[in-house]
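Notes follow the structure.
All values derive from a computational prediction rather than experimental measurement. Along the sequence shown, residues carry numbers from 1.
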Amino acid sequence: MEQVATHYLWWIVALLLIGGEVILPGYFMLWIGIAAAAMGIVLLVVPDMGPLAQAIVFAAFAFVSCFAYWKLVRPRLDRVPPGNERLNRRGEQLIGQRYVLCEAILNGRGKAKVGDGTWLVTGPDLPLGATVEVVGIDGTTLRVKAADVG
């Protein structure tokens, strides 16, 4: 009866770890939980395994599962489809675009009309109404240069 309780204990640990992953997402506890579940399965096959052997096998399973996540799963999750590199980075989507200043750039700072709003801009001093081209972004401030009108 003791061996039955031991493999159930590993499955309870697995459920707690995976449940913790749901509450505090980060992908770390999920893989340790998978290792605990695998340990429960091993104890079904080898019920006479001692506590030290269980700890060593669990540590090996945890290491292998975390390594598999890090080297095999994570790169696939981090992959960005071509053309979507700037999808959720609106400021970077503005690089290369031209806009009209709605507030002159004085001492390196001004504002440009972008769509239905205004963005802070930094660049060379330019008068109100000048056309500027976005060359970069610093947080929520656009770096601009005078656009070549032609």
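Looking at residues two or more places apart in sequence or on another chain, you find a side chain to side chain contact (heavy atoms under 4.5 Å, CB included) between Val46 and Met49. Judged as a side chain to side chain contact (heavy atoms under 4.5 Å, CB included), and not counting sequence neighbours, the contacts of Val135 are Arg143, Lys145. By the side chain to side chain contact (heavy atoms under 4.5 Å, CB included) test, Leu120 is found to be paired with Arg109, Lys111, Thr141, residues two or more places apart in sequence or in another chain being considered. Among residues two or more places apart in sequence or in another chain, the side chain to side chain contact (heavy atoms under 4.5 Å, CB included) test is passed with Ala38 by Phe61. Gln54 pairs by the side-chain hydrogen bond (donor to acceptor under 3.5 Å, both in side chains) definition with Trp10, not counting sequence neighbours.
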Give the C-alpha distance, both sets of side-chain angles, the deciding distance and a yes or no for side-chain contact (heavy atoms from CB on, under 4.5 Å) between Ile32 and Phe58.
-> CA-CA 9 Å; Ile32 305 294; Phe58 171 68; 3.8 Å; yes
Go through Ile41 and Trp11 one step at a time and tell me if the side-chain contact (heavy atoms from CB on, under 4.5 Å) criterion holds.
-> CA-CA 9 Å; Ile41 293 170; Trp11 289 338; 4.2 Å; yes
ring-ring contact (aromatic ring centres under 6.0 Å, His included) evaluation trace for Trp70 with Phe67 = CA-CA 5 Å; Trp70 189 260; Phe67 185 79; 9.4 Å; no
Please lay out, stage by stage, how Leu94 and Ile137 fare under the test side-chain contact (heavy atoms from CB on, under 4.5 Å).
-> CA-CA 9 Å; Leu94 302 177; Ile137 183 162; over 6 Å; no
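Cluster annotation: Val45 is connected to Val57 through the hydrophobic network of ILVMFWY side chains, with a link wherever side-chain heavy atoms come within less than 4.5 Å. Val42 and Ile56 fall into different hydrophobic clusters, defined by Ile, Leu, Val, Met, Phe, Trp and Tyr side-chain heavy atoms under 4.5 Å apart, directly or through other members.
Judged purely by atom type and a 3.5 angstrom limit, Glu21 uses its side chain to pair as donor or acceptor with the backbone of Met29.
Each salt bridge (Lys or Arg N to Asp or Glu O under 4.0 Å) pair with one or both residues in residues 24-46, not counting sequence neighbours, would appear here, but there are none.
Trp119 pairs with exactly one of Leu142, Val144, Val134 by the side-chain contact (heavy atoms from CB on, under 4.5 Å) rule, that one being Leu142.
The two residues Cys102 and Lys113 have their closest heavy-atom pair at SG-N, 4.0 Å. Counting all heavy atoms, side chain and backbone alike, Pro127 lies closest to Ala104 at C-CB, 3.9 Å. Nearest approach of Ala14 to Gly33, heavy atoms of both residues: CB-O, 3.2 Å.
Counting non-hydrogen atoms of neighbouring residues, nucleotides and ligands closer than 6.0 angstrom, the CG atom of Asn107 reaches no more than 12 such neighbours.
Separating the OG1 atom in Thr131 from the CZ atom in Arg98 is a distance of 7.5 Å, to the nearest 0.5 Å. Note that CD1 of Ile105 is 11.0 Å distant from CG of Leu128, once rounded to the nearest 0.5 Å. Distance CD1/Ile18 to CD1/Ile23: 12.5 Å, rounded to 0.5 Å.
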